[in-house]
Amino acid sequence: MTTERYNPKDVEPRWRQAWDQQELYRTRNDDPRPKYYVLEMFPYPSGRVHMGHVRNYTMGDVVARYKRARGFNVLHPMGWDAFGLPAENAARDNKVNPRDWTYANIASMKGQLKSMGLSLDWSREIATCDASYYRHQQAMFLDFWKAGLVERKSAKVNWDPVDMTVLANEQVIDGKGWRSGAEVEQRDLTQWFFKITHYAEELLQSLDGLDRWPDKVKLMQRNWIGRSEGMLVRFELDQSTAPEGVTEIECFSTRIDTLFGATFMAISPDHPLAGRVAGQQPALARFIEQCRLTGTSESAIETAEKLGYDTGLRVRHVLDPERTLPVYVANFVLMGYGTGALYGCPAHDQRDLDFARKYALPVIPVVLPPGRDAADFTVSDEAYGDDGTMINSGFLDGLANDAAWEAVAVRLETSSLEGKPQGTRKVNFRLRDWLISRQRYWGCPIPVIHCDDCGAVPVPRQSLPVELPSDVSFDKPGNPLDHHPTWKHCHCPQCGKPARRETDTMDTFVDSSWYFARFTDPANEASPTTLSAVDGASGWLPVHQYIGGVEHAILHLLYSRFFARAMKATGHLNTVEEPFEGLFTQGMVVHETYRDASGAFVLPSDVRIDVTGANRRAVHLETGAPIEIGPIEKMSKSKKNVVDPDEIIASYGADTARWFVLSDSPPDRDVIWTEDGVQGASRFVQRLWRLINEIAVLAGPPLAMPALFDEASLALRRVTHKSLQSVETDLERLAFNRCVAHVYTLANQISKSIDAMSTDQPEADMRFALREAGQILVQMVAPMMPHLGEECWQAMGNSGMVASAAWPQTDAALLVDDTLTLPVQVNGKKRADVTVPADADNATIEASVRGLDTVIRALEGRAIRKIIIVPRRIVNVVG
RNA sequence: GCGGGCGUGGCGAAACGGUAGACGCAGCGGACUCAAAAUCCGCCGUAGCAAUACGUGUCGGUUCGAGUCCGACCGCCCGCACCA
């Protein structure tokens, strides 16, 4: 029998067309079946799909197809995160319009995604740069503003000097802009903020309920939110040293137990008091100026030497009024955290200790480590930050430091300074409000008009959307909207006087913070969401399975969690606060790097690898010049270690690419792209095609289940159903690499069964078992390789499509064997196997084990002390 | 510095505390072929002819039994970082 080679070039487009014609992946909101929403993070339309996309979207597609087969009404949409700076850069460099550039990229990427055979509902496609999307975002901005969740304020902000725009704290990585890589500077600017800190506590607490999120991501968010419990402590200024009218300094501290060890106070150069004193002390003014000069970039601040300036001011110690502490202005004190002032306790804080040593300030140990003697405990150059017993601390002496904490808290709460408590408990967060203003053109305009008389005025609802002008110039650096000759000029909606439009646009992370909600009813023109469809009893949210890169662990995922709460508060969601019930962060696609003699990177497609024994050598495909094989790294254009999905799909087909990215590596780890691996995947495609055709011939047409099965056919059925169950378990766990292994196992077993047959005209029981195995094999494969699945399904003689077939049922009776072969250990080392009936009781098993020669030999004459039988697992003889 | 994760064949990896290395890649041997490709069969942790012994980064512990749990150390990766 000969079967024609499977040709994906013919087969794949044919089935994609068939799916489209039947509108198989079009999802209806009113479908009564249970809903399942699977979503992959939508792409930025850079113009080309890369292998990371292929891996991401394949995983989501496997889940979507599997859940569909299991009877769910599946929502699996796709859209475009289409605003952002690359469009402006392209416009500047190539004299194209950002809109044209973006939509052209969307068109070509859409074609590429379609060629992957993804089961997406394209009727719900959205692009965030489309006014039909961003008009709703503008409306929600105004709703949030009205609800008190938006604020315009002046603050020190992160300025990216290359992109010429401000950045949110989350977008500053190692002191550099997340996109440009430029050193970020600090500037004072008036900007728009979303008050994410309003939900700080809730965003933190709710992480506990996200049990289908990776712990790692939850931890990163916890750290980012950075909750700490402490006290605000008010220190009275010694009036003989203080400027007129300033009577106290308030500090935030989490270690009030160490208060008796305080030997100085430090305030930020940006602290109002520092400014006041600098007015009288030119030297201080110079010092503050110096701090600002060295400290405009984030990384400079981090590496800067700790510097302080003694202002001459003194504060009274709150628990020991006899003592006063010097007040320094210090460059390491951040105005944005706590109150911008702190007291230093050098013995128990490393940074304070460094500072104290530098400026010869006293170091008083107040927490004695367990097992140490107070008489000889000193702190030299290493601060002691752990628990212990209080010493040198007046009324606290002898207490454990946590008890001392509480005692100090009570004392400060009940003692007063100028009629108010000296201290109040305070929970402080590291999280700052989300700065959303961007001085860029290609983003969602902030719908606000500035009037000299009325201030910042919302654009009236009926005037939305505030659309971007299309005639912009990128000749000058800075914000093209601001340079536009007419766009910003308008009239105040309140008083009618000439006024100016806000020329800042929104951070593109705003766009991606609610797109998942928009997908539930993207055609709604009246409002951002449709309450009957978005969540609640008849709605889609939360997303049941969200899949994307771990690089969004904080930014996008935290912003989206904020947005869900803000949308609920403003009536755009019914009940949902957590938008993503299940989160999966997939690994990257990595590849070897290649360099020629000059050190320049070379594309893998220009390299030939020669293997001789264990040696691999690379040469340039055209020139034959030797190529150096470098480390395996994330695919990137700069290192040229990229493989173009288009080329892979063109030469091997989409299914091979899909199969490969699912194979081998666990999906949360990086997968190494290799030519050998792709060929292996491609070989399996052909092998499966041959195997299914062979099965179809041997099994013949469908027949009723025979009453009896012989040993061989029963064994095949058992393997089939066990494989099916394993695949089910592992698909639920998104363990695609294991699913691939189960598919291989079943295919291998079917081949073995066929080889073992003595005839090519098997009996009815074997024909039934073969047909069943073939059908189930195809259905197991179909979510991962959908085109091949259809072709095989047809070859098996089925009339419908496998994409709309119900998932097969496992037969529980076939999942357990009649007999069990248990490994037998003697003192923990395996010595034998014993085969017993599956329902054998422990006495029977013990008896057969006692009689085994190998067991007796291994015991070397010792008596059996006991026999441990783990049901269906193992027997251990202890002697 | 703080927090988290991970160390298993030549490689990617499997393994509810229960037979370590499933499955794949590479490699080796064979069949088919004039030959090659494709395909099929077999081998494939180390040592040993074998029985067997030893093997999951290192050292120790818990257990009838440890890759898995606990402690210490070594190495790699990731996140945060002057956060009071």
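The chains referred to below are lettered A, B, ... by the order of the sequence lines, with proteins before strands, and numbering in each begins at 1.
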Nearest-Å distance, [atom1] ([X]) to [atom2] ([N])?
X      : N     : atom1 : atom2 : answer
A/E633 : B/C78 : CD    : P     : 11 Å
A/H271 : B/C83 : NE2   : C1'   : 16 Å
A/M220 : B/C2  : CE    : P     : 19 Å
A/M785 : B/G24 : CE    : P     : 13 Å
A/Q186 : B/C82 : CD    : C1'   : 14 Å
A/M265 : B/A84 : CE    : P     : 16 Å
A/K752 : B/C41 : NZ    : C1'   : 10 Å
A/R425 : B/A84 : CZ    : P     : 18 Å

Using atom [atom1] of each nucleotide, how far apart are [N] and [M] to the nearest Å?
N     : M     : atom1 : value
B/C32 : B/U19 : P     : 41 Å
B/C64 : B/C74 : P     : 32 Å
B/C11 : B/A47 : P     : 15 Å
B/C77 : B/C70 : C1'   : 24 Å
B/C2  : B/C82 : C1'   : 13 Å
B/A20 : B/U56 : C1'   : 7 Å
B/G67 : B/C16 : P     : 13 Å
B/C49 : B/G57 : P     : 29 Å

So what does [X] touch, heavy atoms closer than 4.0 Å: a base, only the sugar-phosphate, or nothing?
X      : result
A/R865 : nothing
A/D354 : nothing
A/V824 : nothing
A/D755 : sugar-phosphate
A/T254 : sugar-phosphate
A/R669 : sugar-phosphate

A/F660 ring center near A/Y652 ring center (under 6.0 Å):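 For A/F660 and A/Y652, the ring centres are not under 6.0 Å apart.
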
If the cut-off is 4.0 Å, is [X] near the phosphate of [N], judged by side-chain N/O to OP1 or OP2?
X      : N     : result
A/R351 : B/C83 : yes
A/N223 : B/C2  : no
A/N748 : B/A22 : no
A/Y744 : B/G24 : no

Secondary-structure string, 5' to 3', Watson-Crick or G-U under 3.5 Å, | for another-strand partners, for RNA chain B: (((((((..(((.....[....))).(((((.......))))).(((....)))..(((((..]....))))))))))))....

Distance (rounded to the nearest 0.5 Å) between A/L734 CG and A/M59 CE: 8.5 Å

SB check A/R227 A/E201 (cutoff 4.0 Å):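 Looking at A/R227 and A/E201, the cut-off is met.
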
Nearest listed nucleotide, side chain of [X], among [options]:
X      : options             : value
A/L219 : B/A81, B/G79, B/G3  : B/G3
A/D676 : B/A84, B/C25, B/A14 : B/C25
A/V333 : B/C23, B/G79, B/A84 : B/A84
A/K866 : B/A84, B/A13, B/C64 : B/C64
A/D664 : B/C80, B/G3, B/G12  : B/G12

Expected output: side-chain A/R658 to main-chain A/M784 donor-acceptor under 3.5 Å: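 At least one qualifying donor-acceptor pair exists.
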
Sidechain-backbone polar pair: A/H348 side chain, A/T258 backbone, donor-acceptor under 3.5 Å: no

Check the side chains of [Y] and [X] for a donor-acceptor pair under 3.5 angstrom, ignoring hydrogens and angles.
X      : Y      : value
A/D664 : A/N737 : no
A/Q586 : A/R669 : no
A/S268 : A/Y337 : no
A/S253 : A/Y343 : yes
A/Q350 : A/D354 : yes

Other residues, nucleotides, ligands: >12 heavy atoms within 6.0 Å of A/K634 NZ: no

Test side chain to side chain contact (heavy atoms under 4.5 Å, CB included) applied to A/T720 and A/L724, step by step: CA-CA 6 Å; A/T720 301; A/L724 175 61; 5.7 Å; no

Intermediate values then yes/no, side chain to side chain contact (heavy atoms under 4.5 Å, CB included), A/V834 and A/T821: CA-CA 5 Å; A/V834 65; A/T821 299; over 6 Å; no

Protein and nucleotides 48-52 of chain B: nitrogen or oxygen contacts under 3.5 angstrom:
none

Presence of donor-acceptor pair under 3.5 Å, side chain of A/R683 and base of B/A38: no

Closest-nucleotide ordering on RNA chain B, the 5'-leading residue of A/R432 and A/R733: A/R733

Nearest-nucleotide comparison on RNA chain B, the residue closer to the 5′ end among A/Q679 and A/V877: A/Q679

Residue pair A/V875 / A/I845, side-chain heavy-atom distance below 4.5 Å: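 Yes. Closest side-chain heavy atoms under 4.5 Å.
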
Chi class for B/G9: syn within 90° of 0, otherwise anti: syn

Parallel, tilted or perpendicular: ring planes of A/Y6 versus A/W689, cut at 30 and 60 degrees: tilted

Which atoms of nucleotides 17-20 of chain B (N or O only) lie under 3.5 Å from a protein N or O atom, and what are those distances?
residue: B/G18; atom: N2; partner: A/Q825; partner atom: OE1; Å: 3.4
residue: B/G18; atom: N2; partner: A/N876; partner atom: ND2; Å: 3.3
residue: B/U19; atom: O2; partner: A/K830; partner atom: NZ; Å: 3.0

